[in-house]
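Atoms within a ligand are numbered from 1 in the order they appear, just like the ligands themselves.
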Amino acid sequence: MTSGQLALLCLLGLTFTLKGVTSQARCSVPEWPSGIDGENPLQLHAGKVLLVALMQGYCRYCWIQAHNLERLRDHLHNRGFSDVEMILINGGGALSRINNETYAQYTNLTVYQDTANNTLFNLFGGEKDDFIIYDRCGQRVARLTRRFSYLGHTYTERALRAIHRGFSWCSCSLDPQTSRTRRSANNWMVPLANN
Ligand SMILES: *[C@@H]1O[C@H](CO)[C@@H](O)[C@H](O)[C@H]1NC(C)=O
Ligand SMILES: *[C@@H]1O[C@H](CO)[C@@H](O)[C@H](O)[C@H]1NC(C)=O
Ligand SMILES: *[C@@H]1O[C@H](CO)[C@@H](O)[C@H](O)[C@H]1NC(C)=O
């Protein structure tokens, strides 16, 4: 078994035990709501693995995570995982909103501003500190909650590497061909979680 498979099996086992309040169906493709500023990031980054980080602008922990996310992206790009992108969603509450410029001191990653009624947090289906990962076809593949998204751990990097290689529960024709058979083998080895 490769380290990628191990990583994914490990993640599956972990996420399986976590219940998300707004969990969404695995492999679903979110539809960008009208009236939100900015282009649909899933279309903008189509063909890439996309990590969506749900954050709050008042939170120092979030700023550091935002900084370390960009470092992780650079690290992955330098190691050949070039089509991995990341975006940040700033929460829609007043405290987050007034701190929306703070991110720029910590990261160059694009920040999307959520609405007061949390349109984007609901769209991506997660809570503060969660990372939601989409595959090259824009399908929701994984959700890492705070316990696993903390970048002092390696779960996020391992998940991105595995998904980049095509280890996934979702079928995407843009994934590397070589992983097809191994992926289908994975399907019966692991329970399917709905987050
Ligand atoms: C922060 O919010 C203000 C006011 O809503 C807006 O004008 C500005 O473009 C926002 N900045 C960022 C980086 O999103
Ligand atoms: C943004 O990118 C530039 C050029 O790569 C880098 O020098 C700078 O440190 C980055 N800014 C932040 C806040 O990470
Ligand atoms: C939330 O706010 C946005 C604009 O700020 C609006 O387009 C949308 O309809 C609202 N959604 C709900 C469920 O109220």
Side-chain angles (χ1 to χ4, degrees), residues 19-26 28-134 138-140 143-146 148-161 163-164 194-195:
K19 191 175 176 305
V21 176
T22 53
S23 77
Q24 294 180 0
R26 173 160 288 154
S28 64
V29 180
E31 225 172 278
W32 195 243
S34 58
I36 299 286
D37 286 347
E39 211 176 325
N40 181 349
L42 286 159
Q43 268 167 23
L44 198 61
H45 301 299
K48 296 183 178 180
V49 174
L50 179 70
L51 181 149
V52 177
L54 301 179
M55 299 191 161
Q56 299 288 0
Y58 57 77
C59 158
R60 187 180 153 75
Y61 174 81
C62 296
W63 306 335
I64 307 295
Q65 285 277 93
H67 178 73
N68 287 331
L69 266 181
E70 185 180 352
R71 287 182 51 197
L72 175 58
R73 186 189 63 171
D74 294 345
H75 170 84
L76 287 170
H77 284 188
N78 291 338
R79 275 158 189 77
F81 297 84
S82 53
D83 47 353
V84 172
E85 266 312 323
M86 302 175 174
I87 61 164
L88 313 180
I89 308 293
N90 186 32
L95 265 180
S96 292
R97 214 175 264 278
I98 57 171
N99 286 297
N100 72 349
E101 309 280 359
T102 310
Y103 292 108
Q105 296 163 32
Y106 290 87
T107 187
N108 293 305
L109 296 177
T110 304
V111 182
Y112 286 77
Q113 178 59 59
D114 203 353
T115 63
N117 59 19
N118 304 319
T119 307
L120 294 181
F121 265 55
N122 288 333
L123 177 74
F124 291 114
E127 293 163 19
K128 173 176 170 292
D129 303 328
D130 289 357
F131 295 161
I132 320 293
I133 306 179
Y134 293 90
Q139 303 173 112
R140 179 187 177 94
R143 172 185 177 193
L144 283 81
T145 53
R146 174 167 176 148
F148 307 106
S149 62
Y150 168 58
L151 290 168
H153 299 317
T154 57
Y155 296 113
T156 304
E157 174 170 0
R158 284 153 62 197
L160 286 170
R161 281 175 180 252
I163 292 164
H164 184 277
N194 197 28
N195 56 1

Where do L95 and Q56 land on the side-chain contact (heavy atoms from CB on, under 4.5 Å) test, with the steps shown first?
CA-CA 8 Å; L95 265 180; Q56 299 288 0; over 6 Å; no
side-chain hydrogen bond (donor to acceptor under 3.5 Å, both in side chains) for R71 and H75? Distances and angles first, verdict last.
CA-CA 6 Å; R71 287 182 51 197; H75 170 84; over 6 Å; no
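Contact of the V84 side chain with the L51 side chain is not registered, since no non-hydrogen atoms from C-beta on lie closer than 4.5 Å. Between I36 and L120 there is a side-chain heavy-atom pair separated by less than 4.5 Å.
Proximity of atom 14 (O) of ligand 2 to the protein is indicated by at least one non-hydrogen atom lying closer than 4.0 angstrom. For atom 7 (O) of ligand 2, no protein heavy-atom neighbour is present inside the 4.0 Å cut-off.
Minimum interatomic distance between N108 and E70 (heavy atoms only, all atoms of both residues): N-OE1, 2.7 Å.
Between the choices D74, N108, L109, the shortest heavy-atom distance to atom 3 (C) of ligand 2 belongs to N108.
Between the R140 side chain and the G125 main chain, a donor and an acceptor come within less than 3.5 Å of each other.
Close approach of ligand 3 to N117 (heavy-atom distance below 4.0 Å) involves ligand atoms 1 (C), 2 (O), 3 (C), 8 (C), 10 (C), 11 (N), 12 (C), 14 (O). Ligand-side atoms of ligand 2 in range of A104: 13 (C), range being under 4.0 angstrom from any heavy atom. Annotation for ligand 3: atoms under 4.0 Å from non-hydrogen atoms of T115 are 5 (O). Counting the atoms of ligand 3 from 1 in the order shown, those under 4.0 Å from a heavy atom of T119 are 1 (C).
Contacts with ligand 2 closer than 4.0 Å are made by backbone heavy atoms (N, CA, C, O) of Q105 only, the side chain lying farther away.
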